[in-house]
Amino acid sequence: MVTKQFTGSPDEADLRRADSLGREIFSDVANKWALLIIEALGEDTLRFGELRNEVEGISHKMLTQNLRMLERYGLIERTVHPVVPPRVDYALTEPGRALRVTIDGLCDWTHRYLGHIEDSRNRFDGA
């Protein structure tokens with residue numbers, strides 16, 4: 001096995017590790033379900049069923065997988081209440097709320113250019 005040696009400075013190595021981690025996070029978080037979950041939570045605290053109702057079309061399995069992933073990255077907080085039956089709430093953390101601002105910007109961009117995008121798609125598909 002050949003090990004590739006890094007010959008740059010320690011600062012460059014740290015930047016490369018940060019870039020690699022950034023790509024990994026972006027790859028996981030930038031899926032349609034995760035973005036919709038973050039948008040649905042907003043400033044609210046929601047239970048699993050409420051979230052499933054808010055995110056149209058998401059399956060139980062996909063919601064569970066995405067909630068776990070978002071919790072792993074520290075973007076949502078899961079609170080289990082010691083009651084019978086069990087009650088679990090989900091809310092955005094501070095980093096999750098900061099990411100939501102970016103998602104809101106993307107949603108605003110979509111609304112602003114929706115007509116242009118639809119016209120362009122129709123012209124392209126008709127050609």
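Excluded from the calculations below are hydrogen atoms, water molecules and symmetry mates; all remaining heavy atoms, backbone and side chain alike, are included.
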Apart from Val83 itself, its cluster of hydrophobic side chains linked below 4.5 Å comprises none
Heavy-atom side-chain proximity of Glu39 to Glu54 below 4.5 angstrom: no
Rounding to 0.5 Å, atoms CD (Glu94) and CG (Leu75) come to a distance of 10.5 Å
In short, ring pair (Phe, Tyr, Trp, His ring centres under 6.0 Å) pairs touching residues 56-105 with sequence neighbours left out are Phe48-His60
For residues Leu21 and Met69: do they belong to one hydrophobic cluster (side chain heavy atoms under 4.5 Å, members Ile, Leu, Val, Met, Phe, Trp, Tyr)? yes
Go through it in stages, so that I can follow the logic: the residues are Leu67 and Glu71, the test is side-chain contact (heavy atoms from CB on, under 4.5 Å), and I'd like the CA-CA distance, side-chain angles, deciding distance and then a yes or no. CA-CA 6 Å; Leu67 287 170; Glu71 184 180 10; over 6 Å; no
Stepwise salt bridge (Lys or Arg N to Asp or Glu O under 4.0 Å) test for Arg23 and Asp19: CA-CA 6 Å; Arg23 281 190 297 274; Asp19 285 347; 5.0 Å; no
Rounded to the nearest 0.5 angstrom, the CG-CD1 distance for Leu99 and Ile38 is 4.5 Å
Examine Val80 and Leu41 and state if one hydrophobic cluster contains both, with Ile, Leu, Val, Met, Phe, Trp and Tyr joined whenever side-chain heavy atoms are less than 4.5 Å apart. yes
- Task: Go through the steps to decide whether Ile37 and Ile58 satisfy the test side-chain contact (heavy atoms from CB on, under 4.5 Å), and finish with yes or no.
- Result: CA-CA 10 Å; Ile37 291 166; Ile58 194 167; 4.1 Å; yes
Exactly one candidate in Leu46, Asp44, Ile76 meets side chain to side chain contact (heavy atoms under 4.5 Å, CB included) with Leu51; the answer is Leu46
Check your understanding: Is a side-chain donor or acceptor of Thr45 paired with a backbone partner of Asp89 at a separation under 3.5 angstrom?
Key -> no
Excluding Ile117, membership of its hydrophobic cluster (Ile, Leu, Val, Met, Phe, Trp, Tyr; side-chain heavy atoms within less than 4.5 Å) reads Leu106, Trp109, Tyr113
Leu114-Ile103 co-clustered via ILVMFWY side chain contacts under 4.5 Å | no
Distance col, row Asp104:CG vs Arg97:CZ, nearest 0.5 angstrom, shows 13.0 Å
Please confirm whether the backbone N or O of Asp28 pairs with a side-chain atom of Asn31, one donor and one acceptor, at under 3.5 Å? yes
Subject >> side-chain contact (heavy atoms from CB on, under 4.5 Å) assessment of Arg68 paired with Arg78 >> reply: CA-CA 9 Å; Arg68 287 179 182 165; Arg78 178 178 181 263; over 6 Å; no
Smallest heavy-atom separation, Ala34 atom then Val29 atom, equals CB-O, 3.3 Å
